[in-house]
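Inspection log for the structure reproduced underneath, given as C-alpha cells.
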Amino acid sequence: MTELPSVYIETSVISYLAARPSNDLVVAGHQQLTWQWWDQRRDDYRLFVSQPVVDEAARGHPDAARRRLAIMAGMGLLQFDEESIQLSKHILKSGIIPKKAETDAAHVAIATRHGMEYLATWNCRHIANAIILRRLAELVLEEGYELPIICTPYELFGEYTSL
C-alpha cells in the first residue's frame, strides 16, 4: 500500500473553509472550490499545518478563530525548527518574498524543509505566484531542498473537474 501524498495547508485555505460566504465573486468562487475539495478529496492526502498557521488562525474574531482551529484538528503539526527558520531567513534575504511577508516565507520554508509534496494556498501574491516559483525552486535547491508543488486546492482535485 502506498502512502498518501503530503500537503501543507496554508492559512488562506483554512480561512476560506471557516469563513461565511463572501459577496466578492472571486473570493466566493475560491471558497466554493475549497469547500468542494475539502468534502471530496481531503481524505486522499495527509494534511499538515505548522505553528505559524495555528498562530494566524487563532487571530481575529473569537468565533471565527474557533472555527479555523477546529478545522485543523487531526492534522499533523510540522515544527518551525532551526532548519526551517534558517531557510525562511534565506528566502527573505534573497528578496524573492518581501520582508513584510515573513510568515509567507515561513510557510514555504517549513513545507520545503519537511519534504511536503504539496503546499496548498490561495495566497497568490507571495506564495502561489508563477513569477516567483522558479526563483524559489532554484534558491531552495541551492540549499539542498526540493520545493513542494505550490498550488491551490482546485489544482489538488487531480483529474479535470468541471467545477
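Inspection of the Thr34 and Gln31 side chains reveals no N or O donor paired with an N or O acceptor under 3.5 Å.
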Pair Val53-Ile9, side-chain contact (heavy atoms from CB on, under 4.5 Å): steps then yes or no
CA-CA 8 Å; Val53 174; Ile9 305 293; over 6 Å; no
Begin with the C-alpha distance, continue with both residues' side-chain angles, and end with the deciding distance and a verdict on side-chain contact (heavy atoms from CB on, under 4.5 Å) for Arg67 and Arg20.
CA-CA 11 Å; Arg67 286 192 303 272; Arg20 290 181 175 82; 3.6 Å; yes
Determine, stepwise, if the pair Trp35 / Leu17 fulfils side-chain contact (heavy atoms from CB on, under 4.5 Å).
CA-CA 6 Å; Trp35 294 327; Leu17 287 168; 3.5 Å; yes
For side-chain contact (heavy atoms from CB on, under 4.5 Å), just list the numbers for His114 and Phe48, CA-CA rounded to whole Å, side-chain angles, deciding distance to a tenth of an Å, and then say yes or no.
CA-CA 10 Å; His114 289 283; Phe48 297 86; over 6 Å; no
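You'll find the side chain of Lys89 stays beyond 4.5 Å of the side chain of Leu92, heavy atoms only. Between Pro148 and Tyr8, every side-chain heavy-atom pair lies at or beyond the 4.5 Å cut-off. In this structure, the side chains of Trp122 and Pro153 come closer than 4.5 Å at one or more pairs of heavy atoms.
Environment of CD in Gln86: crowded, with over 12 heavy atoms of neighbouring residues, nucleotides or ligands closer than 6.0 Å. More than 12 heavy atoms of other residues, nucleotides or ligands shown are found within 6.0 angstrom of CZ on Arg46. Counted within 6.0 Å of CG on Asp63, heavy atoms from surrounding residues, nucleotides or ligands total more than 12; the atom is thus considered enclosed.
Tested against Asn123, the residues Asp104, Thr11, Asn129 include a single side chain to side chain donor-acceptor pair (under 3.5 Å) partner, Asp104.
Closest approach of Ala109 to Ser88, counting heavy atoms only: CB-N, 3.5 Å. Of all non-hydrogen atoms in Arg113 and Asp81, the two that sit nearest each other are NE-OD2, 2.6 Å. Across all their heavy atoms, Leu147 and Leu133 have their closest contact at CD2-O, 3.9 Å. Closest heavy-atom contact between Ala120 and Val13: O-CG2, 3.5 Å. In plain terms, the two heavy atoms of Ala18 and Arg68 that are nearest each other are CB-CG, 3.5 Å. Here the closest non-hydrogen pair linking Leu139 and Ile96 is CB-CD1, 4.1 Å.
Between the CG atom in Leu4 and the CZ atom in Arg42 there is a gap of 13.5 Å [rounded to 0.5 Å]. Rounded to the nearest 0.5 angstrom, Leu141 CG and Thr112 OG1 are separated by 11.0 Å. Here NE2 of His30 is found 9.0 Å from CG of Asp24. Values are rounded to the nearest 0.5 Å. Interatomic distance, CH2 of Trp37 versus CG of Asp39, reported as 10.5 Å (0.5 Å rounding). Here the OG-CD distance, from Ser50 to Glu10, works out to 9.0 Å after rounding to the nearest 0.5 Å. Atom CG of residue Leu78 and atom NE2 of residue His107 lie 12.0 Å apart, to the nearest 0.5 angstrom.
Applying the side chain to side chain contact (heavy atoms under 4.5 Å, CB included) criterion to Gln51, with sequence neighbours excluded, gives Val54, Asp55, Leu77.
Judged purely by atom type and a 3.5 angstrom limit, Ser6 uses its side chain to pair as donor or acceptor with the backbone of Glu117. For the pair Glu155 (side chain) and Thr152 (backbone), a donor-acceptor distance under 3.5 Å is present.
Classified by interplanar angle (parallel below 30°, tilted 30° to 60°, perpendicular above 60°), the ring pair Tyr118/Tyr45 is perpendicular.
Evaluation of the side chain to side chain donor-acceptor pair (under 3.5 Å) test over residues 140-151, restricted to residues two or more places apart or in two chains, returns Glu83-Tyr145, His90-Glu143.
Taking hydrophobic clusters as Ile, Leu, Val, Met, Phe, Trp and Tyr residues chained together by side-chain heavy-atom distances below 4.5 Å, Ile85 shares a cluster with Leu119.
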